[in-house]
2 protein chains.
Amino acid sequence: MSRSAELTPTVENYLKHLFHQQQQSPDGWLPTGRLAACVGVTPGTATTMVKTLAEAGLVDYEPRGGVRLTSAGERHALGVIRRHRLIELFLVRELDLDWSEVHDEAERLEHALSDKVLERIDRLLGYPQFDPHGDPIPRAGGHVPTTEYQSLAECALHRAFVVARVTAQDAVFLQMIQRLHLVPGTRVVVEARDTAAQTVTVRPRSRPALNLGLPAAAKILVTAPG
Amino acid sequence: MSRSAELTPTVENYLKHLFHQQQQSPDGWLPTGRLAACVGVTPGTATTMVKTLAEAGLVDYEPRGGVRLTSAGERHALGVIRRHRLIELFLVRELDLDWSEVHDEAERLEHALSDKVLERIDRLLGYPQFDPHGDPIPRAGGHVPTTEYQSLAECALHRAFVVARVTAQDAVFLQMIQRLHLVPGTRVVVEARDTAAQTVTVRPRSRPALNLGLPAAAKILVTAPG
DNA sequence: GTAAAAATTTTGAGTATTCAAAATTGTATG
DNA sequence: CATACAATTTTGAATACTCAAAATTTTTAC
């Protein structure tokens, strides 16, 4: 009736962060300190938890070397991320919540939803592939729809693109994106890029051009239109 | 952004059960053993928790005398019950889950929903007054729509009534109600009542008559039609 | 009115999670 | 290579919750 293995919300949370962080550092091994920082606990706490996770077969752990999800751990992490992203989309599409505020809501709900309810939500939404931020929603089996994106920090100049994904979760940044009309789906052209000044000049379709800092531009991913 | 006082799910759960039980025993004082039984913990655990709740001002506690919700405790309890019942209705109406299975689902979700999401669900459902079992949904302010009901164990014979409410949560019982066509909204007539044999003969509108035991009949509440 | 039964509380202990601060290890530097 | 610095791990302790079993109180029964 509910989830397969029944991990605690805390454990699910560690696994989720672990997965996200591992995508960044592609050698796969994550220092425990980094994990601690993004879960929001002290380093010692993370060490303790990592040892627990290792005993449960969810991660590989090399003392002073780092942590890495096992395939079992990754499977669970993808389950949590699937729940999180489906909930986000549900909150935006069905309950009319704002794009920028659903992350925190989903954070709590992702640990309380049974497989059955999740399946119904999935069906109601028409088995969507992407959440409101453009992040891919893993399938129940664990498959993640992948697409190659470029960011506004690196794509070609004077070419039409479509914003596909915004890789940030904090409400302030997302509200800015909204105010600037750069939400997923918007057509944009990069008019200039100044690597010295670290700025990018972007023009959303039928709107005035605007300037973004390079780090911000790197969080906005685009694809070719059509 | 979320709930007012932030009680733990465990505490919310105790308060909810306390409220339900208090409705039964109207002197208001509930023995801790009874509370323990319905929360599903050992008596000692309930005693410990009750002392914690008393310190937090949520209950009055007389050692060896019993427990009673304070008005603060009742306010919180009604909040939990409101969430629970709105979720149940939402799951049935919007996600097409079965009447008989939503209780357990709501049990988990009632502790994870923010006020904001709850308000949206309330709006989506059209500010309903009753959940799928006919139980009243407390308003955000704490007001509970009350109606006087009679049960099939005590109502007049040969008079038309409408099933308004089924005061049970276990799936097996509810599935039986469904199979027997006695879900809320159904018109029924009690054709006979045998207090010695402890049975009631009920005829749902345009269906053959059927027999119920008295305790089962007492859980099915009816009102005058119209 | 005392003994047995029932309910309740207390005690001691365990799990899951966390922190602060001390100890350890590894790395980089001169 | 020794030393200083940073990261990590260990240690000791706290909170929230739970149980089993012992101790206590109340009720019931004779």
Side-chain angles (χ1 to χ4, degrees), chain A residues 3 5-18 21-22 24-25 27-68 73 76-77 80 107-108 110-112, chain B residues 3 5-18 21-22 24-25 27-68 73 76-77 80 107-108 110-112:
Chain A
R3 278 185 314 279
E6 277 321 333
L7 308 173
T8 64
T10 313
V11 167
E12 286 192 345
N13 216 38
Y14 276 90
L15 294 179
K16 184 183 64 176
H17 283 292
L18 220 22
Q21 290 304 312
Q22 255 179 220
Q24 250 79 52
S25 53
D27 66 321
W29 290 95
L30 192 74
T32 55
R34 183 100 168 277
L35 176 62
C38 70
V39 172
V41 295
T42 58
T45 302
T47 300
T48 311
M49 177 55 86
V50 158
K51 285 197 274 191
T52 309
L53 297 178
E55 267 182 31
L58 297 166
V59 302
D60 294 327
Y61 170 49
E62 295 286 347
R64 298 182 197 267
V67 217
R68 191 173 53 173
H76 283 289
V80 181
E107 203 82 335
R108 249 165 317 123
E110 70 192 4
H111 307 296
Chain B
R3 275 181 320 275
E6 275 323 332
L7 308 173
T8 64
T10 311
V11 167
E12 286 192 344
N13 217 37
Y14 275 90
L15 294 179
K16 183 183 63 175
H17 283 293
L18 221 22
Q21 291 305 311
Q22 254 179 221
Q24 251 78 51
S25 54
D27 67 319
W29 290 96
L30 193 75
T32 56
R34 183 100 169 278
L35 176 62
C38 72
V39 171
V41 295
T42 59
T45 303
T47 300
T48 311
M49 178 54 86
V50 159
K51 286 197 273 192
T52 310
L53 297 179
E55 267 183 30
L58 297 165
V59 302
D60 293 327
Y61 170 49
E62 295 286 346
R64 295 182 199 265
V67 217
R68 191 174 53 173
H76 283 290
V80 181
E107 204 83 332
R108 249 164 316 123
E110 69 192 5
H111 308 295

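Computation of the quantities below employed the complete heavy-atom set of this structure, encompassing side-chain atoms and omitting hydrogens, waters and symmetry-equivalent molecules.
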Find the distance [X]:[atom1] to [N]:[atom2] and express it as a whole number of Å.
{"X": "A/Leu7", "N": "C/dT17", "atom1": "CG", "atom2": "P", "answer": "10 Å"}
{"X": "B/Arg34", "N": "C/dA6", "atom1": "CZ", "atom2": "P", "answer": "18 Å"}
{"X": "A/Trp29", "N": "D/dA7", "atom1": "CH2", "atom2": "P", "answer": "20 Å"}
{"X": "A/His111", "N": "C/dA16", "atom1": "NE2", "atom2": "P", "answer": "18 Å"}
{"X": "A/Leu53", "N": "C/dA16", "atom1": "CG", "atom2": "C1'", "answer": "12 Å"}
{"X": "B/Glu62", "N": "C/dT9", "atom1": "CD", "atom2": "P", "answer": "11 Å"}

Nearest-nucleotide wise, let me know which of B/Gly44 and B/Met49 is further upstream toward the 5' end of DNA chain D.
B/Met49
When you measure from the side-chain N and O atoms of [X] to the phosphate of [N], is any distance below 4.0 Å, counting only OP1 and OP2?
{"X": "B/Lys51", "N": "C/dT9", "value": "no"}
{"X": "A/Tyr61", "N": "D/dT9", "value": "yes"}
{"X": "B/Tyr14", "N": "D/dT18", "value": "yes"}
{"X": "A/Thr42", "N": "C/dA20", "value": "no"}
{"X": "A/Thr32", "N": "D/dT9", "value": "yes"}

Within the structure shown, what part of the strands sits under 4.0 Å from [X] by heavy-atom distance: base, sugar-phosphate, or nothing?
{"X": "B/Thr45", "answer": "base"}
{"X": "B/Gly33", "answer": "sugar-phosphate"}
{"X": "B/Thr10", "answer": "sugar-phosphate"}

Separation between [atom1] of [X] and [atom2] of [Y], rounded to the nearest 0.5 Å:
{"X": "B/His76", "Y": "B/Glu6", "atom1": "NE2", "atom2": "CD", "result": "10.0 Å"}
{"X": "A/Gln22", "Y": "A/Arg34", "atom1": "CD", "atom2": "CZ", "result": "10.5 Å"}
{"X": "B/Arg64", "Y": "B/Thr47", "atom1": "CZ", "atom2": "OG1", "result": "8.5 Å"}

For A/Val80 and A/Leu15: C-alpha separation, side-chain torsions, deciding distance, then whether side-chain contact (heavy atoms from CB on, under 4.5 Å) applies.
CA-CA 8 Å; A/Val80 181; A/Leu15 294 179; 5.7 Å; no
Nearest-neighbour nucleotide for the B/Pro63 side chain, D/dT9, C/dT9, C/dT17 considered
C/dT9
Measuring from the side chain of A/Thr47 (C-beta onward, heavy atoms only), which nucleotide among D/dC17, D/dC19, D/dT8 has the closest atom?
D/dT8
Assess whether atom CD of B/Gln24 is packed by more than 12 heavy atoms of other residues, nucleotides or ligands within 6.0 Å.
yes
By nearest-heavy-atom nucleotide on DNA chain C, the more 5' of A/Arg64 and A/Thr8 is A/Thr8
